[in-house]
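None of the values given here were measured: they were computed from a predicted structure. We're numbering straight along the sequence, starting at 1.
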Amino acid sequence: METGGFQEILLHGVTGSGKTEVYMQAIAKTIEKGKNAILLVPEIGLTPQTVRRFKGRFGNQIALLHSRLSIGERFDQWRRIKNGEARVVIGARSAVFAPLDNIGIIVIDEEHETSYKSDRTPKYDARGIATFRCRYNNALLIYGSATPSIENYYRARTGKIKLVEMNERTNNLPLPEIITVDMRKEPDMGSKNGISTVLTRELIKNKEAGEQSIIFINRRGYSNFVQCRNCGYIVLCPYCSVSLTYHQAEKKLVCHYCSFVTAKPSVCPECKSNNIDLHGIGTQKVEEQIPQIRSDISVIRMDMDTTTGKRGHEKILDTFRNNKIDVLVGTQMIAKGHDFPDVTLVGILSADSLLGSGDYKATERTFQLITQAAGRAGRAGRHGRVVLQTYNPDNFSIQAAIKQDYKEFYRQEIALRKMLKLPPFYQLGLVQVSSKKAKQLWKL
């Protein structure tokens with residue numbers, strides 16, 4: 001910061017190591033120098049907590065920008081920034097376009113998150129825009145993460161950007177203990193509906209101790225898919241060719257890609273059998289199952305379906321943070337960044353669900369999600385436990401996540417990437433062609 005030139009720094013700190021405090025001190029130094037700052041967070045759900053902490057430090061110098069604000073609110077914030085009333089802008093990826101002059105620092109928290117890349121028009125990567133703005137303003141760009149992207153960590157290890165590491169939690173608090181449950185053996189032990197006997201026992205123990213729990217499953221809805229038990233037919237989206245997810249409240253099958261909606265068939269469209277049923281679990285089903293473990297355990301759900309309102313994220317998080325609820329069930333929007341002092345247990349269901357996706361980043365995302373979700377436990381001095389349910393306990397990404405060892409994961413993953421000629425060693429491009437007429441595509 002003293003050099004006054006463009007610099008990129010990767011801040012690699014374990015969960016709970018105090019990265020946010022580093023951001024605040026760096027931004028305070030920027031303001032002292034008469035310059036301004038932008039802080040990007042990956043999820044809108046993280047903005048209320050972040051704004052609360054930053055307002056405590058910087059007061060009314062904070063402006064908030066994200067897509068859930070009304071048009072009027074967005075304009076008010078935009079005008080405050082443009083008039084120089086706000087010195088620090090906080091928001092999701094679109095906040096990178098804030099009309100801020102004289103930028104001294106941009107911080108990208110959880111820089112590994114795919115949500116920084118917009119797949120809607122206008123298509124852009126907020127990290128690329130931030131790099132341009134920092135270069136243009138001779139500013140400092142900080143990438144922060146407990147699980148950095150392979151590409152950025154490779155850049156740091158090869159000296160292209162600077163690397164700062166924080167290897168311990170604040171006040172020397174221990175990382176949470178991870179209990180692995182091999183779900184291949186679990187059916188013989190009487191588990192039901194995807195919640196293992198170990199996790200059931202730990203949830204009861206937490207309730208009796210007056211402590212809170214988080215259940216993470218990276219699938220919203222009630223059931224993953226509808227399948228015929230006779231012929232194996234799976235109900236797919238006619239437009240996206242992906243399995244439709246059943247939503248219990250609406251009693252509809254929904255495509256989470258294009259939002260196509262249809263009724264659940266009573267007979268199999270292929271073999272006309274009546275033996276067509278729901279398979280797998282989502283957040284809705286987990287929410288329904290928790291009170292069956294013990295009737296006095298209260299539960300709240302946080303996913304795309306429950307946070308559609310203007311303050312949807314904030315209401316759910318405040319209810320949970322104020323200790324009015326025992327268990328928070330949710331998708332990846334609860335897996336990172338949040339700081340709940342009374343959470344001592346995290347249950348991770350279907351930890352290996354991404355491994356079969358065919359994406360070359362599947363192992364990286366698996367490691368990141370497990371590590372980030374596990375990091376929500378035991379952040380305020382109490383002993384944290386994580387129950388990790390998996391059908392692939394021997395996969396190297398899951399083994400590294402159990403040890404919470406990013407460097408070991410990186411060592412194996414980067415060797416694979418080099419052997420298979422994948423990024424960061426090679427660049428990949430996607431050429432996508434679409435048409436309303438299939439014959440035209442086949443000609444291409």
| Considering all heavy atoms of both residues, which atom of Tyr116 and which atom of Val41 are nearest to each other, and what is their separation? | OH-C, 3.2 Å

| task | Please indicate whether Lys55 has more than 12 foreign heavy atoms, meaning atoms of other residues, nucleotides or ligands, lying under 6.0 Å from its NZ. | result | no

| task | For residues Ser259 and Tyr239, determine if any side-chain heavy atom of one lies less than 4.5 Å from a side-chain heavy atom of the other. | result | no

| Is the backbone of Arg79 close enough, under 3.5 Å, to the side chain of Asp76 for a donor and an acceptor to pair up by distance? | no

| Backbone N/O of Val286 and side chain of Arg301: donor-acceptor pair under 3.5 Å | no

| query | Does the pair Asp318 and Arg321 meet the rule for a side chain to side chain contact (heavy atoms under 4.5 Å, CB included), with working shown? | reply | CA-CA 5 Å; Asp318 285 348; Arg321 186 175 283 107; 3.7 Å; yes

| field | Val235 side chain reached by Tyr246 side chain, heavy atoms, under 4.5 Å | value | no

| message | I need the single residue from Glu113, Gln368, Gln372 that forms a side-chain hydrogen bond (donor to acceptor under 3.5 Å, both in side chains) with Thr147. Which is it? | response | Gln372

| Side-chain heavy-atom pair Pro238, Phe260 within 4.5 angstrom cut-off | yes

| field | Separation between CZ of Arg127 and CZ of Arg93, rounded to the nearest 0.5 Å | value | 10.5 Å

| Sole residue of Ile178, Leu345, Ile215 in side chain to side chain contact (heavy atoms under 4.5 Å, CB included) with Val387 | Leu345

| said: Under 4.0 Å between a side-chain nitrogen and a carboxylate oxygen: does that hold for Lys285 and Glu288? | reply: no

| note | Closest heavy-atom pair, Ile105 versus Thr30, reported as atoms and distance to 0.1 Å, is CG2-OG1, 3.3 Å

| query | Is a donor on one side and an acceptor on the other found under 3.5 Å between the side chain of Gln389 and the backbone of Ile195? | reply | no

| Are Ile370 and Ile402 close enough that some pair of their side-chain heavy atoms sits under 4.5 Å apart? | no

| field | Leu420, CG: over 12 other non-hydrogen atoms inside 6.0 angstrom | value | yes

| request: To the nearest 0.5 Å, tell me how far Asn392 CG sits from Ser397 OG. | output: 8.5 Å

| said: In the structure I gave you, are the side-chain heavy atoms of Leu65 and Phe97 within less than 4.5 Å of one another anywhere? | reply: no

| Between the side chain of Gln7 and the main-chain N/O of Leu141, is any donor-acceptor distance below 3.5 Å? | no

| request: Compute the centroid of each ring, for Phe425 and then for Tyr154, and state whether the two points are separated by less than 6.0 Å. | output: yes

| Greater than 12 external heavy atoms within 6.0 Å of Phe132's CZ | no

| Salt bridge check: are Arg68 and Glu314 linked by an N-O gap of less than 4.0 Å? | no

| request: Return the minimal non-hydrogen interatomic distance between Gln284 and His247, and the atom names on each side. | output: NE2-ND1, 3.5 Å

| field | Rounded distance [0.5 Å steps], CG in Leu369 versus OG1 in Thr331 | value | 10.0 Å

| query | Between Glu21 and Arg57, is the closest basic N to carboxylate O distance under 4.0 Å? | reply | yes

| task | Report the C-alpha distance between Asn138 and Thr3 in whole Å, list the side-chain angles of each, state the deciding distance to 0.1 Å, and finish with yes or no for side chain to side chain contact (heavy atoms under 4.5 Å, CB included). | result | CA-CA 9 Å; Asn138 287 318; Thr3 65; over 6 Å; no

| Do Ile398 and Thr180 have side chains that get closer than 4.5 Å, going by heavy atoms? | no

| message | Please determine whether the number of non-hydrogen atoms from other residues, nucleotides or ligands lying under 6.0 Å from atom CZ of Arg157 exceeds 12. | response | no

| query | Which atom names give the shortest non-hydrogen contact between Cys271 and Cys268, and what distance separates them? | reply | N-SG, 3.4 Å

| task | Check step by step if side chain to side chain contact (heavy atoms under 4.5 Å, CB included) holds for Gln332 and Phe216. | result | CA-CA 7 Å; Gln332 60 180 341; Phe216 165 70; 4.0 Å; yes

| query | Short question: side chain of Arg169, backbone of Val14 - any donor-acceptor pair under 3.5 Å? | reply | no

| request: Look up atom OG1 in Thr363 and atom CZ in Phe396, then write down how far apart they are to the nearest 0.5 Å. | output: 4.0 Å

| request: Please answer whether the main-chain N or O of Ala400 pairs with a side-chain N or O of Glu408 as donor and acceptor at a distance below 3.5 Å. | output: no

| What closest approach, in Å, do Leu69 and Arg74 show between heavy atoms, and which atom pair accounts for it? | O-NH2, 3.2 Å

| message | Treating Glu287 as the side-chain partner and Val299 as the backbone partner, does any N or O pair qualify as donor plus acceptor under 3.5 Å? | response | no

| task | Kindly say whether Phe58 contributes a backbone atom to a donor-acceptor pair with the side chain of Gln61 at under 3.5 angstrom? | result | yes

| message | Has Arg417 got a side-chain atom pairing as donor or acceptor with Pro423's backbone, closer than 3.5 angstrom? | response | yes

| said: What's the separation between atom NE2 in His12 and atom CG in Leu163, rounded to the nearest 0.5 Å? | reply: 8.0 Å

| Side-chain touch Cys237/Thr262, heavy atoms, less than 4.5 angstrom | no

| Backbone of Leu39 reached by a side-chain donor or acceptor of Asp109 within 3.5 Å | no

| Note, Ser273 side chain near Tyr233 side chain (heavy atom, < 4.5 Å) | no

| field | Taking every non-hydrogen atom, the tightest pair across Leu253 and Pro265 | value | CD1-CD, 3.8 Å

| query | Any salt bridge between Glu151 and Lys361, counting N to O under 4.0 Å? | reply | yes

| request: To the nearest 0.5 angstrom, please state how far the CZ atom of Phe75 sits from the NZ atom of Lys82. | output: 12.0 Å

| request: Classify the angle between the aromatic ring planes of Phe367 and Phe409 as parallel (below 30°), tilted (30 to 60°) or perpendicular (above 60°). | output: parallel

| Going through the checks in order, is the side chain to side chain contact (heavy atoms under 4.5 Å, CB included) test met by Phe54 and Met24? | CA-CA 7 Å; Phe54 273 72; Met24 287 196 286; 3.4 Å; yes

